[in-house]
Amino acid sequence: MKAEAAVAYPGLDQFTVQEIEIAEPARDEILVKIAGVGICHTDLLVREAAAMIYQNPVVLGHEGAGTVVAIGGDVTKVKVGDEVAV
């Protein structure tokens with residue numbers, strides 16, 4: 001599945017918005033179509049340190065809300081169509 005993401009690259013001081021490929025969820029994962037997202041201070045600090053922490057580009061973030069669009073086989077607490085906060 002294709003998605004648009006703000007990607008942090010080692011050595012760059014800003015995010016690069018680009019299209020990425022997302023795999024189907026693993027057995028214990030859910031896939032959420034994000035409707036709203038926040039970037040917090042932690043994300044900005046990690047982006048600044050990305051060259052020390054990551055050797056490859058990384059998508060950061062842990063604040064958002066949206067709708068579940070796919071679930072793994074072991075997921076029981078949510079179903080496709082549920083609105084969630086992450």
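What you see below is based on every heavy atom in this structure, not just the backbone, and it leaves out hydrogens, waters and symmetry mates.
No path of Ile, Leu, Val, Met, Phe, Trp and Tyr side chains, each step under 4.5 Å between heavy atoms, connects V37 with I39, placing them in separate hydrophobic clusters. Residues I71 and L31 are members of separate hydrophobic clusters, defined by side-chain heavy-atom contacts under 4.5 angstrom among Ile, Leu, Val, Met, Phe, Trp and Tyr.
Scored by the side chain to side chain contact (heavy atoms under 4.5 Å, CB included) test, A65 finds no partners at all (sequence neighbours excluded). Every residue meeting the side-chain hydrogen bond (donor to acceptor under 3.5 Å, both in side chains) condition with D74, not counting sequence neighbours, appears here in chain and number order: R27.
Among residue pairs with one or both ends in residues 76-86, those qualifying as salt bridge (charged side-chain N to carboxylate O under 4.0 Å, His left out) are K79-D82; sequence neighbours excluded. Within the structure, side-chain hydrogen bond (donor to acceptor under 3.5 Å, both in side chains) contacts touching residues 30-44 (residues at least two apart or in different chains) do not occur.
Nearest heavy atom pair, residue E29 against residue P25, reads O-CB, 3.6 Å.
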Residue pair V32, V84: steps toward the side-chain contact (heavy atoms from CB on, under 4.5 Å) verdict
CA-CA 8 Å; V32 177; V84 295; 3.8 Å; yes
Check residues 15-22 and write down every donor-acceptor pair under 3.5 Å in which the side-chain atom is one partner and the other belongs to a residue at least two apart or another chain.
residue	atom	partner	partner atom	Å
Q18	OE1	Y9	OH	2.9
Q18	NE2	Y9	OH	3.2
E21	OE1	K2	NZ	3.1
E21	OE2	M1	N	2.7

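Under the 4.5 Å side-chain criterion, counting only non-hydrogen atoms from C-beta, P57 is in contact with V7.
A distance of 10.5 Å separates OG1 in T67 from CD1 in I30, rounded to the nearest 0.5 Å.
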